[in-house]
Amino acid sequence: MDIQPEGKLPFFKSRYRQRASDTWLISLLVILHLVAFITTTLFNYFSTGSVFFQPLSENPLLGPSASTLDKVGALRRAFLVQNHLNWRFFVCPWLHAGIIHFAINISCMIFIGIHLERDYGPLRIGVIYLLSAFFGSLVCSLFVRNNPVVTSSGALFGLLGTMLSGLIRNWKVYSSKGAALAALMTVLATNFLLGLLPYIDNFANIGAFISGLLLGFVLLLTPQIRQMSKNKAGLFECGVKHSKSTIKLKQKLALDRPILRSISLILFVILLSGCLVALFLGIDINPYCGWCRFIDCIPYKRWSCNDGPNTCEIMKSNSEMTLTCLYNGNTRVFPFTNISQARINDLCAMIC
């Protein structure tokens with residue numbers, strides 16, 4: 001007779017045998033992110049003609065140049081307001097600012113996403129992932145300045161918000177809640193601190209986290225529990241009580257908290273509609289919030305958060321090019337002359 005444990009479930013240690021196909025969604029998302037990252041790297045190689053990644057002095061995340069990010073779909077104030085290139089909202093969530101950003105973001109996404117997909121299914125997690133990524137880009141559009149930024153971390157923050165809502169909804173179902181919350185806060189803090197570097201937008205992360213939290217309250221029910229026989233318990237089955245069937249447990253929890261789900265859905269729709277209206281009106285919150293820029297980028301001597309226009313005096317010889325920033329007087333000599341104007345703008349921004 002197939003029976004199910006009625007005891008508590010560990011969040012990060014599955015007590016039930018899982019099929020390999022249970023994580024196909026996260027596997028597909030990782031492949032898509034990898035393809036986008038390789039494409040960005042190739043764009044940077046052909047744009048610069050020599051390197052796949054820019055030096056840390058230009059990109060502290062060891063990634064492409066600012067002009068390359070502009071070409072592949074990064075968000076920038078001028079692109080949204082002046083050129084109305086709204087297709088970037090759908091491309092930007094797949095872009096990474098560098099190999100350091102890619103490694104940390106994808107590792108955390110696999111760590112969090114696999115457990116969520118196994119517990120709640122690929123359909124719910126896929127919907128939350130895509131909506132959170134899009135909502136994060138919308139929030140980014142309200143705060144983005146004239147520096148290129150990517151929002152791929154937003155979808156991860158959406159999963160973190162979903163994880164938190166899942167823990168809250170099923171507080172009595174899970175064991176080891178302290179360990180789960182500690183893991184959540186560690187991943188969240190690590191990626192938020194990473195967002196203080198150039199080219200990663202923290203406002204997208206904040207918006208996606210709120211989106212994931214609300215959508216988690218709307219869509220998540222109870223973890224999917226695999227039926228298995230008592231005499232075929234898995235490696236972590238010790239000490240689990242077995243009594244009632246899963247079907248009865250699911251029917252009981254599937255209809256719980258309708259008020260919470262309704263309120264969360266209404267709040268999400270209101271926030272999504274407000275962001276869309278603000279986007280079409282071209283609203284920029286930066287003039288009304290002078291300190292908001294420090295949430296997105298912390299100035300440091302090894303990189304610049306300046307988004308103002310950079311002007312440089314250019315002097316070329318047969319084999320060298322000298323750039324002098326007219327803002328601070330910094331001068332740099334480069335051993336090449338045949339580069340594009342977009343690349344000159346990158347170098348000018350670096351020395352200014």
Side-chain angles (χ1 to χ4, degrees), residues 36-83 85 88 91-92 94-102 140 144-153 194-202 286 293 296-352:
F37 183 71
I38 293 175
T39 302
T40 304
T41 303
L42 292 176
F43 262 92
N44 191 72
Y45 177 80
F46 290 115
S47 297
T48 61
S50 58
V51 295
F52 290 103
F53 305 115
Q54 301 308 120
L56 293 175
S57 59
E58 183 176 350
N59 186 334
L61 295 163
L62 197 62
S65 64
S67 58
T68 298
L69 291 175
D70 286 337
K71 291 178 182 179
V72 297
L75 294 180
R76 190 194 282 256
R77 171 63 54 184
F79 294 150
L80 300 179
V81 177
Q82 300 174 8
N83 301 326
L85 301 178
R88 293 176 177 268
V91 177
C92 193
W94 303 98
L95 302 179
H96 288 82
I99 191 169
I100 298 175
H101 181 208
F102 177 82
C140 170
V144 68
R145 297 181 294 158
N146 208 30
N147 288 329
V149 294
V150 298
T151 61
S152 56
S153 294
L194 192 67
L196 297 177
L197 274 64
Y199 307 127
I200 303 176
D201 192 85
N202 257 343
N286 290 295
R293 65 181 185 273
D296 188 41
C297 184
I298 297 294
Y300 185 59
K301 62 181 180 180
R302 295 187 179 275
W303 62 77
S304 173
C305 298
N306 179 33
D307 68 330
N310 298 306
T311 305
C312 290
E313 182 182 40
I314 306 173
M315 297 181 61
K316 293 184 179 181
S317 63
N318 293 332
S319 59
E320 293 181 340
M321 178 180 65
T322 303
L323 293 182
T324 303
C325 178
L326 300 181
Y327 174 74
N328 55 21
N330 289 342
T331 300
R332 185 78 61 86
V333 179
F334 300 95
F336 45 75
T337 58
N338 188 22
I339 60 175
S340 65
Q341 183 61 45
R343 187 68 188 124
I344 293 177
N345 293 338
D346 291 339
L347 300 176
C348 181
M350 180 181 66
I351 66 175
C352 286

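What's counted below: heavy atoms across the whole structure, side chains too, no hydrogens, waters or symmetry copies.
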Check: So which of Leu95, Asp70, Val72 actually passes side-chain contact (heavy atoms from CB on, under 4.5 Å) with Pro148?
Finding: Asp70
Notebook entry, point to check: Counting only heavy atoms not in Phe43, do more than 12 sit closer than 6.0 Å to its CZ atom?
Noted result: no
Next item on the list: Indicate yes or no for a side-chain donor-acceptor contact from Asn44 to the backbone of Ser65 under 3.5 Å, with no hydrogens or angles considered.
Entry: yes
Next item on the list: Could you tell me whether a side-chain N or O of Arg332 sits under 3.5 Å from a main-chain N or O of Leu323, the two making a donor and an acceptor?
Entry: no
Note to self: Quiz question: by atom type and distance under 3.5 Å, do the side chains of Ser153 and His96 form a donor-acceptor pair?
What the structure shows: no
Check: Are the side chain of Arg88 and the backbone N or O of Leu75 linked by a donor-acceptor pair below 3.5 Å?
Finding: no
Item checked: Ser67 versus Asp346, side-chain donor and acceptor atoms under 3.5 Å -> yes
Margin query: With rounding to the nearest 0.5 angstrom, report the CD1 to CZ distance, Ile99 to Phe52.
Written below: 11.5 Å
Note to self: Rounded at 0.5 Å granularity, tell me how far CZ in Phe46 sits from OG1 in Thr41.
What the structure shows: 11.5 Å
Next item on the list: Kindly determine whether Tyr199 and Val149 satisfy side-chain contact (heavy atoms from CB on, under 4.5 Å), including the steps that lead there.
Entry: CA-CA 4 Å; Tyr199 307 127; Val149 294; 5.7 Å; no
Notebook entry, point to check: So do Leu61 and Leu194 actually touch side chain to side chain, heavy atoms under 4.5 Å?
Noted result: yes
Checklist line | Whether Arg145 side chain and Cys305 backbone form a donor-acceptor pair below 3.5 Å | finding: yes
Check: Any donor-acceptor pair under 3.5 Å linking the side chain of Thr68 with the backbone of Pro64?
Finding: no
Notebook entry, point to check: Heavy-atom distance under 4.5 Å between the side chains of Met321 and Val333, does that happen here?
Noted result: no
Check: What is the minimum heavy-atom distance between Ile200 and Ala97, and which atoms define it?
Finding: CG1-CB, 4.0 Å
Next item on the list: List the steps, then state whether side-chain contact (heavy atoms from CB on, under 4.5 Å) holds for Val144 with Leu80.
Entry: CA-CA 9 Å; Val144 68; Leu80 300 179; 4.0 Å; yes
Checklist line | Val150 side chain reached by Trp94 side chain, heavy atoms, under 4.5 Å | finding: no
Check: Atom CG of Asp201 and atom SG of Cys92: how far apart are they, to the nearest 0.5 Å?
Finding: 8.0 Å
Notebook entry, point to check: Under a 4.5 Å cut-off applied to non-hydrogen side-chain atoms, are Ile314 and Thr322 in contact?
Noted result: no
Check: Does Phe53 offer a backbone N or O that forms a donor-acceptor pair with the side chain of Asn59 under 3.5 Å?
Finding: no
Notebook entry, point to check: Considering only the SG atoms, does Cys348 lie under 2.5 Å from Cys325?
Noted result: no
Check: How far does CZ of Phe102 sit from OG1 of Thr40, to the nearest 0.5 angstrom?
Finding: 10.0 Å
